[in-house]
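Proteins get letters first, then strands, A, B, ... in listed order; numbering begins at 1 in each.
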Amino acid sequence: MIDLKLLQKDFEGISKKLQRKGVDEKLLEKVKIKFEELKEAKAHFETLQAAQNAMSKEFGMYKREGKDISELKAKVDENKIRIADALEIQRLRQEELEALAMAIPNIPDDDVPDGEDEDDNIEIKKVLTPKEFSFTPKEHWELAEQNGWIDFERGVKLATSRFSVSFGMGARLERALINFMLDFNRQRGFEEVSVPALVNRKALEGTGQLPKFEDDLYKIQDQELFLIPTAEVPVTNLYQDEILSLDKLPKRMTAYTSCFRKEAGAAGRDTRGMIRQHQFHKVELVSIATPGESDIIFNDMVTCASDLLTALELPHRLVTLCTGDLGFSAAKTIDLEVWLPGQNTYREISSVSNTRDFQARRAKIRFKNGKKNELVHTLNGSSLAVGRTLVAIMENFQNSDGSIDIPKVLHPYLGL
RNA sequence: GGACGAGUGGGUGAGUGGCUGAAACCACAUCCCUGCUAAGGAUGCGUAUGGGUAACUGUACCGAGAGUUCGAAUCUCUCCUCGUCCA
């Protein structure tokens, strides 16, 4: 959630920044007005309530002194009706404001480039040079099936399209990757956590998936619970509604979870293979930091993910997302794209975002800065998407006969 | 699944209708005193939000929500969580 007080104070400035993300200025004006109306309604209600409280106190005194209370009671009863009305007005305005404000995306950082979509993202640097193949490299689904690593049909049989099953070395490699990534992150100072894969509405509101993106989430039928689309949700919300002491910051955490996405609106995209699945494994990084250190932490996380790819000998590049490609909660995002020789292109394998205080404001995560409580900054990043890493290994480490080498760092994890 | 009990500020914990935003103790902060190894004293110390330059002040919050009442931490109902016992 954006800072409504700031919007009120510096409407021009905030509005200008949000227009870069395609937010309609009229909507912002409406929010500003609603915000002011709500304040008005609150003030009115509180004045009435104060009178009521005062009269109630008097009431108690009258009774103790044995005075006649009938006149006072009439006054108090009358005021009570007005309070009920005032409260109802306040409640309605609160609801209206929230509905509007919760749907406004985060303000992009000033150094985020303008742009429409992913074509306008800006490459920062390339890491490792893709190797030359003496043959035409195959795409991963071909290799996966040929080696018996992944069975796409049986995944569909068990669930529906965009589900798959891993067998043998494919399954072992997944597990090896998860362990390798968690160990790697732990050595970089991220504490490992294991969290629920189901979360409630409040958690998803805290990180920004709800209320706007409910269509992308799998919902449990008989309870108000959702399957997590990313570990970012449970891990960030670990500290929801808490005031952290300064010496506990920064919090740097890593978690492995399955992730679940309906991929609504992705019809026809990446239908083959395991680039875009409804369920996938991911190792996530989440940091909670003071505003002063969040930029450093951000770079740290990008470096961690990039080094992970380098350790796996996977060529990749870093790109800054433009305003049009930036996610709802992010102020800034750097994507890591891994080279896929079979597809002859770079594909997203990790996305590191600084949401600044956007999620913290929604989730009420604060820290004590001296006497004052301030909102923290929250950051998240994948490190990495396991399925896509497996895809990258298959395509980059393939031989002409279709066999696949295993990156050296994974050998200990596979008993090789 | 059933029965009973509990949920209060950073912690322990008092509080069964008004004088309680909440005793006391601990922790913490600032100041003072003392000066032989640790102790004594004073003051302050929840969160959110509105008004005010500020001092200060209004409102809300005692697991969550609803209700009774002029007035609720305290009474009623529903839910959640934890504990104990039973199946």
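In summary, contact between chain A and RNA chain B, defined as any nucleotide atom under 4.0 Å from a heavy atom of the protein, begins and ends at B:G18 to B:G71 in the 5' to 3' direction.
A:Q52 comes within contact range of the sugar-phosphate backbone alone, with a heavy-atom separation under 4.0 Å but no base atom that close. Residue-level contact check: A:A50 touches the backbone only, with heavy atoms under 4.0 Å from sugar-phosphate atoms and none from bases. In this structure, A:N79 reaches neither bases nor backbone, as no heavy-atom distance under 4.0 Å exists between it and the strands shown. Across all strands shown, A:K368 has heavy atoms under 4.0 Å from sugar-phosphate atoms exclusively, and none from any base.
When all heavy atoms are compared, the tightest approach of A:I393 to A:I404 is O-CG2, 4.1 Å. Shown here for A:F190 and A:C304, the closest heavy-atom pair between the two residues is CE1-SG, 4.1 Å. Here the shortest heavy-atom pairing between A:S287 and A:R252 reads OG-CG, 3.8 Å.
Classification of A:D270 and A:R347 as a salt-bridged pair holds, one side-chain N sitting under 4.0 Å from a carboxylate O. By the 4.0 Å N-to-carboxylate-O rule, A:D325 lies too far from A:K21 to be salt-bridged with it.
Looking only at atom types and distance, the side chain of A:S15 has a donor-acceptor partner in the side chain of A:Q19 under 3.5 Å away. Defined by atom type and a distance below 3.5 Å, a donor-acceptor pair is missing between the side-chain atoms of A:E192 and A:T254.
Without hydrogens or angle criteria, A:T160 side chain to A:V156 main chain gives no donor-acceptor distance under 3.5 Å.
Comparing the P positions of B:G52 and B:C61 gives an interatomic distance of 24 Å, to the nearest angstrom. Of the P atoms belonging to B:A22 and B:U57, the separation is 12 Å, rounded to the nearest Å. Taking atom C1' in both B:G67 and B:A14, one finds a spacing of 28 Å when rounded to whole Å. On the P atoms, B:A60 is 22 Å away from B:A55, given to the nearest whole Å. Atom name P, nucleotides B:C77 and B:G11: the rounded distance is 29 Å, in whole Å. Comparing the C1' positions of B:U47 and B:U8 gives an interatomic distance of 14 Å, to the nearest angstrom. Taking atom C1' on both nucleotides, B:U84 is separated from B:U30 by 46 Å, rounded to a whole Å. Distance noted for atom C1' between B:G7 and B:G15: 15 Å (whole Å).
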Salt bridge (charged side-chain N to carboxylate O under 4.0 Å, His left out) evaluation trace for A:K262 with A:D215: CA-CA 7 Å; A:K262 277 195 178 168; A:D215 288 349; over 6 Å; no
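Tested against A:N373, the residues A:K364, A:K368, A:R366 include a single side chain to side chain donor-acceptor pair (under 3.5 Å) partner, A:K368. A side-chain contact (heavy atoms from CB on, under 4.5 Å) with A:L314 is found for one member of A:L128, A:L309, A:V127 and no other, namely A:L309.
The ring pair (Phe, Tyr, Trp, His ring centres under 6.0 Å) pairs that include a residue from residues 305-331 of chain A are A:F213-A:F328, A:F328-A:F358, where partners are two or more places apart or lie in different chains.
Checking A:N53 against A:A43, the closest nucleotide of RNA chain B that is more toward the 5' end is the one next to A:A43. Residue-to-nucleotide proximity on RNA chain B shows that, of A:T47 and A:N373, the 5′-proximal contact is made by A:N373.
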Show every donor-acceptor pair shorter than 3.5 Å between a side-chain atom in residues 336-343 of chain A and any protein atom, with sequence neighbours excluded, or say none if there are none.
from: A:E337; atom 1: OE1; to: A:R317; atom 2: NE; distance (Å): 2.8
from: A:E337; atom 1: OE1; to: A:R317; atom 2: NH2; distance (Å): 2.8

Strand RNA chain B as a dot-bracket string - pairs counted if Watson-Crick or G-U with both distances under 3.5 Å, | where the partner lies in another strand: ((((((((.[[[..)..(.....]]].(((((.......))))).((((((....)))))).[[[[[..)....]]]]]))))))).
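Residues from residues 233-242 of chain A lying near RNA chain B, meaning a heavy-atom separation below 4.0 Å, are absent. For the segment residues 90-101 of chain A, the set of residues with a heavy atom within less than 4.0 Å of an atom of RNA chain B is empty.
Between A:Y256 and A:H281, the gap from one ring centroid to the other is short of 6.0 Å.
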